[in-house]
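A, B, ... follow the sequence lines: proteins, then strands. Residue 1 opens every chain.
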Amino acid sequence: MALEICWLDNLAKAQETARQLKKPILLDFYNPM
Amino acid sequence: MGAVTYPDERVAKFLSLNFVPVQMQTTNTELMSKYSVSWTPTLLVLDADGKEHYRAVGFFTPDDMIATFMTAKARWALDTDQLEDARALFEEVIACYPDKDAAAEATFFLGVARYKVAHDPKALRETYDLLKDKFPHSSWTKQADHYRLISK
């Protein structure tokens with residue numbers, strides 16, 4: 001099975017995870033249309 | 001991005017290992033306004049406090065995505081005083097993606113990282129010489145132009 005990116009949709013949660021994992025956040029603004 | 005670049009296995013692996021990935025639709029006007037985003041796709045690299053360290057607008061091929069965001073992660077590491085990590089990432093971009101635009105940016109900031117470690121301005125002069133030789137038409141070479149005044 002192919003690896004897929006597990007995108008979060010909550011920036012506050014991402015910041016908490018980034019702090020724990022000592023990683024930067026990649027924030028992608030996209031237009032689904 | 002969602003059709004070609006993100007499904008690419010190398011991109012998925014790279015982003016998953018190196019970042020906490022977040023996607024926001026343009027309907028989130030509060031965040032669009034907070035980060036002054038007016039066009040898509042816009043990709044930002046943030047730290048855990050939400051501070052922006054890198055911004056890219058537009059579409060990327062898989063190789064360009066990896067080269068650009070390896071450089072972006074290195075910029076974040078440089079900004080947060082993880083100088084050895086930054087150096088290693090810049091060197092990896094230059095070694096693995098020597099023909100990509102990101103390699104010129106990585107060369108510029110590798111010089112900055114070397115200067116920050118050793119406080120030796122020769123690192124900046126060497127960076128200018130390297131950029132002029134390998135990327136004569138890059139904007140990063142123009143931005144390094146004043147380093148030519150530093151003696152060898």
Side-chain angles (χ1 to χ4, degrees), chain A, chain B residues 1-2 5-32 34-57 59-60 65 68-69 72-77 79-80 82 85 89:
Chain A
M1 201 170 121
L3 176 68
E4 287 183 13
I5 301 168
C6 182
W7 296 100
L8 299 180
D9 60 2
N10 180 322
L11 186 56
K13 173 72 182 161
Q15 286 178 239
E16 189 186 318
T17 306
R19 204 176 308 282
Q20 284 169 3
L21 300 180
K22 296 184 168 49
K23 285 183 185 181
I25 295 163
L26 178 70
L27 174 56
D28 174 17
F29 286 96
Y30 75 106
N31 187 341
M33 297 296 286
Chain B
M1 299 285 277
T5 301
Y6 290 146
D8 184 283
E9 189 133 359
R10 292 167 309 135
V11 171
K13 189 176 173 187
F14 171 75
L15 293 182
S16 300
L17 280 174
N18 289 283
F19 292 92
V20 178
V22 184
Q23 274 192 321
M24 290 291 169
Q25 292 192 14
T26 47
T27 47
N28 191 328
T29 51
E30 190 185 330
L31 266 190
M32 294 271 287
K34 177 179 177 184
Y35 288 106
S36 302
V37 171
S38 59
W39 194 245
T40 60
T42 290
L43 297 117
L44 308 179
V45 172
L46 312 175
D47 63 25
D49 294 324
K51 183 180 170 194
E52 182 179 334
H53 293 265
Y54 199 90
R55 172 176 294 233
V57 180
F59 292 88
F60 291 90
M65 182 84 199
T68 300
F69 284 89
K73 186 182 180 191
R75 295 278 303 273
W76 162 80
D79 287 351
T80 53
Q82 303 172 74
D85 288 352
L89 283 165

Residue selection (most heavy-atom pairs with chain A, distance under 4.5 Å) from [options]:
options                        : result
T26(B), D8(B), L15(B)          : T26(B)
L31(B), V11(B), V20(B)         : V20(B)
M32(B), K13(B), Q82(B), E52(B) : M32(B)

Item to complete: Side chain from CB out, backbone as N, CA, C, O: work out which of these in K22(A) comes under 4.5 Å of a heavy atom of chain B, or both, or neither.
Response: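 Contact with chain B: backbone only.
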_F29(A) and side chain to side chain contact (heavy atoms under 4.5 Å, CB included): which single residue from L43(B), V22(B), L44(B), V57(B) fits?_
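The passing option is L44(B).
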Inter-residue atom distance W76(B).CH2 - I25(A).CD1, 0.5 Å rounding: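 Those atoms lie 10.0 Å apart.
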- Item | Pairwise distance CG(N18(B)) to CG(L21(A)) - rounded to 0.5 angstrom |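 So the CG of N18(B) and the CG of L21(A) are separated by 12.0 Å.
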Query raised in the report: T17(A), L26(A), I5(A), D9(A): which one forms the most heavy-atom pairs within less than 4.5 Å of chain B?
Result: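 Looking at each option in turn, the highest pair count goes to L26(A).
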| said: I need the residue from L27(A), N31(A), L8(A) with the largest number of non-hydrogen atom pairs under 4.5 Å to chain B. | reply: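 Top option by heavy-atom pairs under 4.5 Å: L27(A).
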Is any side-chain heavy atom of D28(A) less than 4.5 Å from a side-chain heavy atom of P21(B)?
->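 D28(A) vs P21(B): side chains apart.
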Side-chain heavy atoms of N28(B) within contact of L11(A), under 4.5 Å
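Answer no - side chains too far apart.
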Please flag which part of [X] lies under 4.5 Å from any non-hydrogen atom of chain A: side chain, backbone, both or neither.
X      : result
V45(B) : both
Y54(B) : neither
M1(B)  : neither

Within the distance-only criterion (no hydrogens, no angle test), does the side chain of K73(B) pair as donor or acceptor with the backbone N or O of K23(A) below 3.5 angstrom?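 Such a contact is absent between K73(B) side chain and K23(A) backbone.
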Go through the steps for D47(B) and R19(A) under the test salt bridge (charged side-chain N to carboxylate O under 4.0 Å, His left out), then give the verdict.
CA-CA 8 Å; D47(B) 63 25; R19(A) 204 176 308 282; over 6 Å; no
Using every non-hydrogen atom in the two residues, find where E4(A) and S16(B) come nearest and quote the distance to one decimal.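 Nearest pair, atom of E4(A) first, then S16(B): O-OG, 4.4 Å.
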